[in-house]
Amino acid sequence: MNIGFAPFLPWPVLSALAALTLVIAAIAIYRRLRGSWIRALAGIALLAALANPVLLQEDRDQLTTIVPVVVDRSLSQDTPERTKMTDDALAMLKDRLAQFPRIEPRIVEARDPAESDSPSTRLFSALSSAIADVPPARIGGAIFLTDGQIHDIPGVNQQLGFDAPIHGLITGKPDEFDRRIEIARAPRFGIVNDEQQLVFHVVDDGKSPGGVADVTVKMNGDEIATLQATPGQDTPFSFKVPRAGNNVLEFAVAEVPGEVTPINNRTVQLIEGIRQNMRVLLVSGEPHSGERAWRNLLKSDASVDLVHFTILRPPDKQDGTPINELSLIAFPTRELFVDKINSFDLIIFDRYQDRQNVLPTIYYDYMAQYVENGGALLVAAGPEHAAGNSIALTPLASVLPAEPTGQMIEKPFYPRLSEQGRKHPVTRGLDGSDTEPPHWGRWFRSVDVEKPQGQTVMVGADNSPLLVLNRVGRGRVAMLLSDEGWLWARGFEGGGPHVSLYRRIAHWLLKEPALEEEALTANAAGRTLQVTRQTIGDDPGPATIKSPSGKTQALPLKQTEPGLHQAQKHMDEIGLFQIADGNLSTLVHIGAIDAPEFKAMISTTETLKPLAQKTKGLVTRVAGANGGVTVPQVLPVRGAVRIADGQRLTIRMTDETVLKGINSLPLFAGFAGLAVLLFAFSATWWREGR
């Protein structure tokens with residue numbers, strides 16, 4: 001309550017009148033005139049009435065004390081036990097705070113950002129956002145309901161923006177234990193079939209059970225090793241990269257009963273397989289127009305080491321020229337097909353025929369074993385394949401997918417993709433194949449064969465097989481039943497995609513993952529999972545996604561091209577996902593593999609203790625007896641908190657108020673002011689009358 005003025009005359013006029021009144025009163029008093037004091041009081045009363053004093057009274061309301069409650073909903077809290085403990089503790093804390101009407105709790109749930117690739121628990125960032133619109137004087141304290149794994153805790157000497165206690169209510173149990181596996185050092189690239197080495201270690205957080213840990217290692221979904229590792233020590237592991245392209249190396253440590261979560265018991269390392277040099281053996285039966293097309297294609301690839309032999313002078317050809325005058329070299333059959341056959345990645349027979357004594361019969365058997373043991377064979381056949389000295393009549397026939405009838409089909413035709421060929425990645429989408437007739441040149445002959453094994457991906461005249469692909473044992477065989485692919489290379493009738501076709505055939509034979517006819521691949525772009533399913537069959541149906549938490553969901557796949565089905569989905573979780581479709585499965589890691597959220601999963605009271613001690617707060621666990629929860633009582637205090645209470649949550653109550661309005665009362669208004677003036681002037685007249 002205070003007094004203000006609302007003068008009827010300007011202050012300079014009132015000041016002049018006041019000065020004149022004082023002068024007159026002073027002279028009268030000095031001369032001791034009768035009634036001078038009464039006249040002075042009457043003048044002062046008149047001046048006061050002209051000044052119009054007003055009594056002011058403010059109407060204020062007490063403001064509530066804001067208490068932010070930051071609830072940790074990060075991935076480390078996403079276990080059934082901790083989720084229930086958090087929910088129960090939050091409900092109990094709300095009841096505690098509701099007992100004090102002047103305390104206003106502000107609940108803030110801190111979750112992992114939806115687009116974050118490297119999840120972490122950022123509770124203090126959530127706190128800053130929640131109190132950005134609150135004056136510091138109104139904040140009575142901050143309560144964190146968390147497992148203690150916080151990754152943005154400010155330093156003890158950093159300013160929080162308010163002067164109030166920091167409290168921590170910690171979920172989890174004090175004797176928790178968790179086992180995880182990490183890759184310490186690993187190559188990002190590896191040469192195919194060369195020895196590589198990485199180092200991993202098993203980490204026990206909390207009270208370790210001791211002993212050794214069983215670790216299972218898988219390469220591209222196939223188990224390659226089982227070994228034991230001592231927790232806390234680096235464990236080296238040697239392996240070979242099996243194929244070019246993307247390879248997924250997975251390490252899984254056996255789950256220990258009682259550990260917090262198995263979500264971090266697996267980790268992966270992506271290794272890009274590189275072929276240092278692809279060794280190709282090209283054997284041409286005799287010089288012909290298409291021989292140069294194969295040679296030029298293989299020689300143009302810097303990653304190919306080409307060994308090329310052309311049989312220019314077979315043993316049965318004698319023209320009397322002395323051996324020492326020939327500029328030819330002997331065909332090193334034993335060295336190529338016995339001693340070093342396994343050093344070749346691909347063997348190509350280009351219009352080769354079994355001439356007498358060039359290759360002993362046993363060598364064809366060696367080549368058949370080479371294929372069955374994982375080798376690759378390509379046969380580019382011409383008229384000689386239908387003749388009596390065809391390699392189809394040797395032991396190599398056991399791995400060849402097509403048996404010749406002994407006839408040639410001699411008529412012009414457009415090579416076309418079969419129904420399987422439109423879906424097969426070797427021939428799918430070849431330039432010019434999407435029109436009828438195909439937008440490329442014609443060929444004029446092909447080898448007639450019986451019904452072939454494997455997949456016929458291209459057909460010739462009268463839908464006869466033209467390109468046949470087949471798997472034999474662990475190896476692969478391709479047969480191109482025409483020798484006129486060189487017409488495309490020469491640009492006849494516009495040419496054709498001979499380079500793409502030949503290259504895809506070679507890469508399929510070498511087991512390039514992108515050219516597998518039945519394949520399931522998955523990759524991640526941020527939080528978006530992208531799944532691709534290749535098949536030469538019917539609709540494969542939806543894929544099944546198994547998340548790190550163990551939840552499964554179906555992902556419908558949509559056909560984008562013949563034989564190619566794709567889908568993508570934004571994932572809420574972070575970690576290692578398993579994608580399955582039928583008998584195929586693959587792994588993909590969403591987010592950063594070394595995300596802070598998964599490096600430590602056990603609860604702890606140590607992270608918040610320094611701040612709590614500095615601000616006179618309390619850090620305690622909420623786990624109670626018999627699996628229940630307990631939350632400390634709330635203690636409101638006025639003024640600064642000087643002593644920490646070890647049993648209660650201290651809240652500094654605010655003194656802040658809000659102004660609702662102002663009530664004003666003029667002191668010389670109405671009968672009261674009139675009475676004062678009448679009394680003053682009446683007293684003057686009374687004195688004059690005496």
Side-chain angles (χ1 to χ4, degrees), residues 59-73 77 81-110 123-124 126-148 150 160-173 603 605 608-609 611-660:
D59 185 11
R60 289 181 173 271
D61 276 350
Q62 185 73 35
L63 289 176
T64 57
T65 299
I66 303 296
V67 178
V69 179
V70 184
V71 184
D72 185 356
R73 298 292 187 183
Q77 282 272 82
E81 183 182 21
R82 288 187 184 176
T83 298
K84 184 179 185 305
M85 192 177 294
T86 300
D87 294 340
D88 293 346
L90 179 59
M92 188 175 294
L93 179 61
K94 288 180 179 178
D95 292 339
R96 294 270 194 268
L97 295 174
Q99 298 174 7
F100 303 93
R102 287 187 52 203
I103 294 180
E104 179 186 343
R106 183 169 289 189
I107 310 299
V108 182
E109 296 202 348
L123 302 189
F124 280 84
L127 172 64
S128 299
S129 299
I131 62 175
D133 60 337
V134 181
R138 287 191 62 190
I139 299 175
I143 303 174
F144 292 90
L145 184 52
T146 175
D147 58 5
I150 308 173
L160 296 174
F162 59 89
D163 184 15
I166 296 291
H167 303 292
L169 302 180
I170 308 302
T171 60
K173 299 178 181 179
S603 62
T605 60
L608 280 173
K609 270 188 177 179
L611 274 181
Q613 292 174 354
K614 178 185 176 182
T615 60
K616 308 300 186 293
L618 171 67
V619 178
T620 184
R621 291 186 178 273
V622 299
N626 301 321
V629 299
T630 178
V631 173
Q633 296 288 339
V634 175
L635 175 64
V637 299
R638 291 195 172 276
V641 179
R642 302 184 182 278
I643 300 176
D645 191 307
Q647 303 296 325
R648 293 176 289 184
L649 303 174
T650 307
I651 302 298
R652 179 182 64 85
M653 303 302 291
T654 183
D655 293 327
E656 296 290 298
T657 59
V658 61
L659 179 64
K660 294 179 62 179

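Bear in mind that the values here come from a model prediction, so they are computed numbers and not experimental data.
- Residues passing the ring pair (Phe, Tyr, Trp, His ring centres under 6.0 Å) test with Phe100: none are found, sequence neighbours excluded.
- Panel note: side chain His167, backbone Gly617; no donor-acceptor pair is recorded below 3.5 Å.
- Ile170 contributes atom CD1, which lies 9.0 Å from atom CG of Asp72 (distance to the nearest 0.5 angstrom).
- Here the closest non-hydrogen pair linking Leu123 and Ala110 is CD2-CB, 3.5 Å.
- Separation of atoms CZ (Phe124) and CD1 (Ile166) is listed at 5.5 Å; rounding is to 0.5 Å.
- For the pairing with Arg82, the salt bridge (Lys or Arg N to Asp or Glu O under 4.0 Å) check across Asp87, Asp88, Asp147 returns one residue only, Asp147.
- Summarising the geometry, atom CD1 belonging to Ile139 is positioned 9.5 Å from atom CG belonging to Leu160; distances are rounded to the nearest 0.5 Å.
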Going through the checks in order, is the side-chain contact (heavy atoms from CB on, under 4.5 Å) test met by Val637 and Leu635? CA-CA 6 Å; Val637 299; Leu635 175 64; 4.0 Å; yes
Begin with the C-alpha distance, continue with both residues' side-chain angles, and end with the deciding distance and a verdict on salt bridge (Lys or Arg N to Asp or Glu O under 4.0 Å) for Arg652 and Asp163. CA-CA 9 Å; Arg652 179 182 64 85; Asp163 184 15; 5.7 Å; no
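- Remark: Leu145 CG to Thr171 OG1 distance equals 6.5 Å, nearest 0.5 Å.
- Residue Lys614 places its NZ atom among more than 12 non-hydrogen atoms of other residues, nucleotides or ligands, all under 6.0 Å distant.
- The list of salt bridge (Lys or Arg N to Asp or Glu O under 4.0 Å) pairs with a residue in residues 94-103, not counting sequence neighbours, is empty.
- Using a 4.5 Å cut-off on side-chain heavy atoms (C-beta onward), Pro632 and Leu169 make contact.
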Please walk me through it: do Leu127 and Phe162 pass side-chain contact (heavy atoms from CB on, under 4.5 Å)? CA-CA 11 Å; Leu127 172 64; Phe162 59 89; 4.3 Å; yes
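- The side-chain contact (heavy atoms from CB on, under 4.5 Å) check on Arg642 picks up nothing, with sequence neighbours excluded.
- For Gln99, the CD atom counts as densely surrounded, since its 6.0 Å shell holds more than 12 non-hydrogen atoms of other residues, nucleotides or ligands.
- Heavy atoms only, all atoms of each residue included: Met85 and Val629 are closest at CG-CG1, 3.6 Å.
- Among all heavy-atom pairs drawn from Pro68 and Gly141, the shortest one is CD-O, 3.0 Å.
- We find the CG-CE distance between Leu97 and Met92 to be 12.5 Å, quoted to the nearest 0.5 Å.
- Nearest heavy atoms, Ala126 versus Val70: CB-CG1, 4.5 Å.
- A salt bridge links Arg106 to Asp133: at least one charged side-chain nitrogen sits closer than 4.0 Å to a carboxylate oxygen.
- Looking at Asp645 and Arg648, a side-chain N of the basic residue comes within less than 4.0 Å of a carboxylate O on the acidic one, giving a salt bridge.
- At distances below 3.5 Å, at least one donor-acceptor pair connects side-chain atoms of Thr654 with backbone N or O atoms of Ala137.
- Considering every non-hydrogen atom in both Gly172 and Ala623, the closest pair reads O-CB, 3.7 Å.
- Side chain to side chain, Arg138 and Thr64 meet the donor-acceptor criterion of an N or O pair below 3.5 Å.
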Apply side chain to side chain donor-acceptor pair (under 3.5 Å) to residues Arg621 and Ser603 and explain how you reach the verdict. CA-CA 10 Å; Arg621 291 186 178 273; Ser603 62; 2.9 Å; yes
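- In this structure, Val69 and Leu93 have side chains that are in contact, with non-hydrogen atoms separated by less than 4.5 Å.
- Here CG of Leu649 is found 9.0 Å from OG1 of Thr620. Values are rounded to the nearest 0.5 Å.
- A donor-acceptor contact closer than 3.5 angstrom links the side chains of Gln77 and Thr86.
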